[in-house]
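Contents: one structure, followed by commentary.
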Amino acid sequence: MEILAIQILNSLFYASVLFLIAAGLSLIFGVMNIVNLAHGSLYALGAYITAWLIGRAIAGGSGASAIWLFLLMPIGALAVALVGAVIEPTLLRPLYRRAEEYQLLVTFGLLLILEDVMRFVWGGLPLTADTVVDALPIVRILGQLYPAYNLVVIGIGGIAALGLWAFVYRTRFGVMLRATSQDRRMASALGLDVGRVYILAFAIGCFMAGLGGAIVVPSQAAVLGMGVDALVLAFVVVVVGGLGSLKGALVGALIVSFVRTAGIQFFPEVELAVLYLIAGIVLLVRPTGLFGTA
Amino acid sequence: MIALTGTPRPALPQLRLMGIAVPIAVLLALVPSFANSYQTLLLAYGLIIAIAGLGFNLLLGYTGLLSFGHSAYFGTGAYAVAFMAQDLGVRSMEAYILCGLALSAIVSAVFGFICVRHTRIFFGILTLALSQVLWSLALKLFWITGGSDGLRVPRPTLLGGMLTYTGGGFPRFISYYYYYVLVLFVVCVLVMWMIVHSPFGKALQAIRDNETRAAFLGLRVRRFRWVAFLISGVYTGLAGVLWVPLNGLTTPDILYWPFSGEIVFLTLLGGFRNFTGPIVGGIVFTFLKTYAVATTEYWQILLGVVLVVLVLVLPTGIVGALAQLIGRLWPQRAD
């Protein structure tokens, strides 16, 4: 029973991070019809930047209280959003009129570039930020010890899901976003600045990925290749949930996380294979995913 | 679209193919006599990757389907060889090829059957997801596959031992193996040429250009795509089989999806709207990557920049750009 509670919490922790990555991927696809292969690398970039900032802050000794360190996470995510705001107009904009194969390829090129930029800047060794985890107490849950930081991550995941939903469905910009996603030319004809919507949508998607990296790094450290690994899992999430659907990203992240936690517990050898098989079966039976419309 | 030039199609494409292909084949055959064994080794790698590119391009260039999972068939071929060498003690290259072809045919038939139900982006994601099933199995079932350490493969016997290289060491093995690869490469090119110029190949191109119209003409679109997928997978599987003895080791990396990305990359580098594009791309890519890896730790960034520049500036690839250049230098050549 205690083990079950811990495993559920672990699944929720994992789902929070996956949701942040997959929601960004899904948002970008929904609005711009681009499958961003570099999305995982942007998540890794968020992890590296945040870990680096936290390391600086601790080395600087500027009142290393945990609360301040937490503020560094959105800053790391914002930095990734800025990178995204540069990428969209320079690399992606020239390609919207061309076949989607080219968009896939350019983001694959971007993936290769980002991976090496991270290797160049931060080297091959893992970059840790576990001070943040240590700054929070370890709590008892049904008699089991559990780091409070993981609960914070679950909270952030939930808040992010709510915040993104409110943003897309309850704000003026959200209306513009959905209008552009449904019919780009009509939105443009009605006077929307589609270019601006695209930059913002891409930057928000990158922000989500960066935030995912930022909240995962204190408990797992930033390593090379984490982005490439994360991307395929995010693919599984959006394929199961439906590309371009926020609800789908949430449900998909939960499904993938619980299957994965159960897999590690009961069938570790085929844990990943089962996930990819689920994605394959969903694509076969319901190509648009559980909540997709496109 | 056929060969090196963009000028109007000549009356006898076969003749012009001969005119271009025979000198190149002779040149390739002479390479071991003037290049050192390292260069020969690289060229052998290049030809092998070019076979994979040829197969891949039957899907991308001729059928209009972008697969992001061709690592699966390359890896199937490679692991088939490794299993035969390790578990059955087979040393014959011909046996490797036969079994590797059969196994990659089975895997690509099954995967293809599933994947051709979709097109465009979903096709890409589905191929990727399925290839990652194989990757995760190769990684996790370590008592069979050696996990991330991979499996070692000893040098095989060629032509049932008729080509002996013992005593000659590595250089002699390379020069023999190079010719072995070259012969298979030439066969692959000829077969692929016949496929894309056959009614079947024309049907694929019709489906690529307008699926609805092709369906109304009575073509069974899905069946054609499936067969194209199968041929494509078998070609890539053969490349995997030929690759392993050269590399001496097979690891899950060749099943991981960035390797599929490399196959896409080299095809685009050469130009996927040309028959010769993936061949040029495969060879250029092999040399480019080898020298980039040797020169700098940050070779990926170089490949990434090349890829982005290619997509943005040179979408027709090397061969397409050359064809345009030739077309501009000698406009309206009286062919």
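Order of the sequence lines fixes the chain letters, A, B, ..., with proteins taken first and strands second; residue numbering starts at 1 for each chain. None of these values were measured; they are calculated from a predicted model.
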Heavy-atom distances under 4.5 Å only: say whether [X] touches chain B with side chain, backbone, both or neither.
X      : value
A:F235 : side chain
A:V228 : both
A:L110 : backbone
A:L114 : neither

Evaluate the side-chain contact (heavy atoms from CB on, under 4.5 Å) criterion for residues B:L312 and A:L95: first the C-alpha distance (whole Å), next the side-chain angles of each, then the deciding distance (0.1 Å), finally the verdict. CA-CA 8 Å; B:L312 293 180; A:L95 295 174; 4.0 Å; yes

For [X], look at atom [atom1] and say whether over 12 heavy atoms of other residues, nucleotides or ligands are found less than 6.0 Å away.
X      : atom1 : answer
A:F267 : CZ    : yes
A:F120 : CZ    : no
B:R220 : CZ    : no

As a quick check of understanding, evaluate side-chain contact (heavy atoms from CB on, under 4.5 Å) for B:L303 and A:F108, giving each step before the final call. CA-CA 10 Å; B:L303 294 185; A:F108 183 67; over 6 Å; no

Taking side chain as C-beta onward, heavy atoms only, is A:Y276 less than 4.5 Å from B:L130?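 The answer is no; the side chains never approach within 4.5 Å.
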
Quick one: are B:W135 and A:V232 in side-chain contact, heavy atoms under 4.5 Å?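 Sidechains of A:V232 and B:W135: no contact.
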
Among [options], which residue has the highest count of heavy-atom pairs closer than 4.5 Å to chain A?
options                        : result
B:C115, B:G124, B:A129         : B:A129
B:V306, B:V311, B:V305, B:L126 : B:V311
B:I125, B:L60, B:L141          : B:I125

Segment of [X] engaging chain A (4.5 angstrom heavy-atom cut-off):
X      : value
B:L128 : side chain
B:W299 : backbone
B:L310 : neither

When rounded to the nearest 0.5 angstrom, what is the spacing between CD in B:Q132 and CG in A:D229?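 With rounding to 0.5 Å, CD (B:Q132) is 9.5 Å from CG (A:D229).
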
Out of A:V239, A:L231, A:V117, which one racks up the most heavy-atom pairs below 4.5 Å with chain B?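 Highest number of heavy-atom pairs under 4.5 Å: A:L231.
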
Should A:L112 and B:I301 be marked as a side-chain contact (heavy atoms from CB on, under 4.5 Å) after you check the CA-CA gap, both sets of side-chain angles, and the distance that decides it? CA-CA 6 Å; A:L112 294 173; B:I301 211 167; over 6 Å; no

Would you name the heavy atoms of B:S136 and A:L272 that are closest together and state the gap between them?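 The pair with the smallest heavy-atom distance is CB-CB, 3.4 Å.
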
Could you check whether the rings of B:F272 and A:Y102 sit parallel, tilted or perpendicular, using 30° and 60° as the cut-offs?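 Answer is tilted, since the angle falls between 30° and 60°.
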
Would A:L105 and B:F265 count as a side-chain contact (heavy atoms from CB on, under 4.5 Å) if you check the C-alpha gap in whole Å, the side-chain angles of each, and the deciding distance to 0.1 Å? CA-CA 8 Å; A:L105 283 168; B:F265 184 175; 5.8 Å; no

